[in-house]
Protein chains: 2
Amino acid sequence: MSLLNPKKELEREALITNLLKEKGLSITAPRKLILGLLLKEHGPFSAEEILHSLPKNSCDQATIYRCLNQFVEVQLVNTSFLEKDMAHFEYNDPHHHHHHIICRICKKIESFHECLMEKIETNLQRKGYKDIQHRLEFFAVCETCAKG
Amino acid sequence: MSLLNPKKELEREALITNLLKEKGLSITAPRKLILGLLLKEHGPFSAEEILHSLPKNSCDQATIYRCLNQFVEVQLVNTSFLEKDMAHFEYNDPHHHHHHIICRICKKIESFHECLMEKIETNLQRKGYKDIQHRLEFFAVCETCAKG
DNA sequence: ACTATTTTTGCAAATTACTTGCAAATCAAA
DNA sequence: TTTGATTTGCAAGTAATTTGCAAAAATAGT
């Protein structure tokens, strides 16, 4: 824990605890660690990155996956599939809706906040990105499943 | 091969062959089968679905993956990650740019052609979809990599 | 607080989409 | 058709993610 600002740390603790409670998840050490990391640093992170960012042996990788999946279920966290064989996870902050761009070569990930595609592409071009493609997918519950 | 319309079949053959040639890929039986399927039916298909749609033993699964990856490289085919542990593939028809919606429960995939998000979401709501989320990601070559 | 009940965790093994090494088959160029 | 390069099939390998199970921790009731 940070020795520099114990008050802020307490606030963070309370925030994490509240978020978990609101979503009906019990308060456990691994869940606080993982959610705490996602709140402090703004990802997206792979499960492996999370594992290595947390204190050694503080949390098993199976637990990390299980917690992340639960967080995604209750929409506390978003998943992206920026690389094909590895998911990335990020705190789902409703006030900071944004999207990602990944370099096809070096895999560096950046975020941006515009939300109209032509505008976004123009801005990306100005930033020097070449050969831009996008992928937009919607996820929802269809009429049949909503009734069943 | 279809006995109903041999002329159309020949045209299709020629189209497939031309597409492969244009992209600098040699003409092989598996490549023709896979691309042919993607041209005839409009996916997206998983590799497994492609395997089972082709005539028994006409093509190994390793070959299917290799061909699909080559098609993606030359931008003849697009990939989506609609389900988290399985890629879907679709012919990249520049005249029919579109996006997908997948039901979070039954995994049924539909396509639509609008390209502004609010409009899309409104239309999806009219179709009865609930709890709509979207995921938009850009892929490009960053300035550093373009120079290096 | 204490205990009982439920939930969660850690570990190790399993799963599964996807990839790869290699010898045999097929393709393309001349 | 022959020659050399590319591609294929097969079987084994890889790596992210999941799962079974017993032990540990969290919650609810008293």
Side-chain angles (χ1 to χ4, degrees), chain A residues 13 16-37 43-74 76-89 107, chain B residues 13 16-37 43-74 76-77 79-89 102 107:
Chain A
E13 271 275 324
I16 293 166
T17 303
N18 283 342
L19 283 170
L20 291 173
K21 278 205 181 123
E22 272 168 27
K23 299 296 188 175
L25 296 170
S26 56
I27 316 298
T28 68
R31 295 217 258 243
K32 286 199 289 186
L33 282 170
I34 296 165
L35 185 54
L37 174 66
F45 298 116
S46 65
E48 206 205 355
E49 287 168 335
I50 294 172
L51 178 62
H52 290 111
S53 300
L54 297 180
K56 286 265 169 227
N57 304 322
S58 62
C59 185
D60 189 79
Q61 58 149 276
T63 303
I64 290 180
Y65 281 108
R66 278 188 283 230
C67 291
L68 287 171
N69 287 339
Q70 290 156 344
F71 293 167
V72 170
E73 255 173 57
V74 300
L76 206 51
V77 159
N78 287 325
T79 323
S80 332
F81 293 93
L82 293 154
E83 292 186 64
K84 87 170 132 193
D85 51 5
M86 199 162 45
H88 284 81
F89 302 88
K107 311 294 182 192
Chain B
E13 270 276 324
I16 292 166
T17 302
N18 282 342
L19 282 171
L20 290 173
K21 277 203 180 125
E22 272 168 28
K23 298 297 190 175
L25 296 171
S26 56
I27 317 297
T28 70
R31 294 217 259 242
K32 287 199 288 188
L33 281 169
I34 296 164
L35 186 54
L37 174 65
F45 298 116
S46 65
E48 206 204 355
E49 287 168 335
I50 294 173
L51 179 62
H52 290 111
S53 300
L54 296 181
K56 284 265 168 225
N57 303 323
S58 62
C59 186
D60 189 79
Q61 62 147 275
T63 304
I64 290 180
Y65 280 110
R66 277 187 283 230
C67 290
L68 287 171
N69 287 339
Q70 290 156 344
F71 293 167
V72 170
E73 255 173 58
V74 300
L76 205 53
V77 159
T79 321
S80 332
F81 293 92
L82 293 154
E83 292 187 64
K84 83 171 135 195
D85 51 5
M86 199 162 45
H88 284 80
F89 302 89
I102 182 168
K107 310 294 180 192

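For the numbers below, each heavy atom of this structure counts, side chains included, while hydrogens, waters and symmetry mates do not. Numbers restart at 1 for each chain; the letters A, B, ... are given by sequence-line order, proteins then strands.
- When each of A:Ala87 and A:Leu25 is assigned the nucleotide of DNA chain D bearing its nearest heavy atom, the one mapping closer to the 5' terminus is A:Ala87.
- Remark: B:Tyr65 is in phosphate contact with C:dC18, judged by side-chain N or O atoms under 4.0 Å from OP1 or OP2.
- Applying the 4.0 Å criterion to OP1 and OP2 of D:dT17, one finds that A:Asn69 has every side-chain N and O outside that range.
- Within the 4.0 angstrom heavy-atom criterion, base atoms lie near B:Arg66.
- Within the 4.5 Å cutoff, side-chain heavy atoms of B:Leu20 are placed close to those of B:Phe71.
- Summarising the geometry, the separation between CD on B:Glu48 and P on C:dC18 is reported as 10 Å, rounded to the nearest angstrom.
- Here D:dC10 presents its C1' atom at 12 Å from CG of B:Asn57, a figure rounded to the nearest Å.
- Distance CD (B:Glu83) to C1' (D:dA16): 16 Å, rounded to an integer number of Å.
- Here C:dC18 presents its P atom at 12 Å from CG of B:Leu51, a figure rounded to the nearest Å.
- A residue-by-residue look at B:Ser26 and B:Ala62 shows that B:Ser26 has its nearest nucleotide of DNA chain D further toward the 5' end.
- Look at CD1 on B:Ile27: it is 15 Å from P on D:dT6, rounded to the nearest Å.
- If you take CG of A:Asp60 and C1' of D:dT17, they are 12 Å apart, rounded to a whole angstrom.
- For C:dT9, the OP1/OP2 oxygens have no side-chain nitrogen or oxygen of A:Lys32 closer than 4.0 Å.
- Using a 4.0 Å heavy-atom distance criterion, B:Gln61 is classed as a base contact.
- Put simply, NZ on A:Lys21 is 14 Å from C1' on D:dA28, counting in whole angstrom units.
- Not one side-chain nitrogen or oxygen of B:Thr28 sits closer than 4.0 Å to the OP1 or OP2 atom of D:dT7.
- Shortest non-hydrogen contact noted between B:Ser46 and B:Met86 is CB-SD, 3.9 Å.
- B:Thr63 and B:Ile34 make their closest contact through O-CD1, 4.4 Å (heavy atoms, listed as atom of the first residue, atom of the second, distance).
- Heavy-atom neighbours of B:Lys21 NZ from other residues, nucleotides or ligands within 6.0 Å: at or below the threshold of 12.
- With rounding to whole Å, A:Arg31 atom CZ is found 9 Å from D:dA26 atom C1'.
- Both A:Lys84 and B:Ala29 sit near DNA chain C, but only A:Lys84 has its closest nucleotide nearer the 5' end.
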Test salt bridge (Lys or Arg N to Asp or Glu O under 4.0 Å) applied to B:Lys32 and B:Glu13, step by step: CA-CA 8 Å; B:Lys32 287 199 288 188; B:Glu13 270 276 324; 3.7 Å; yes
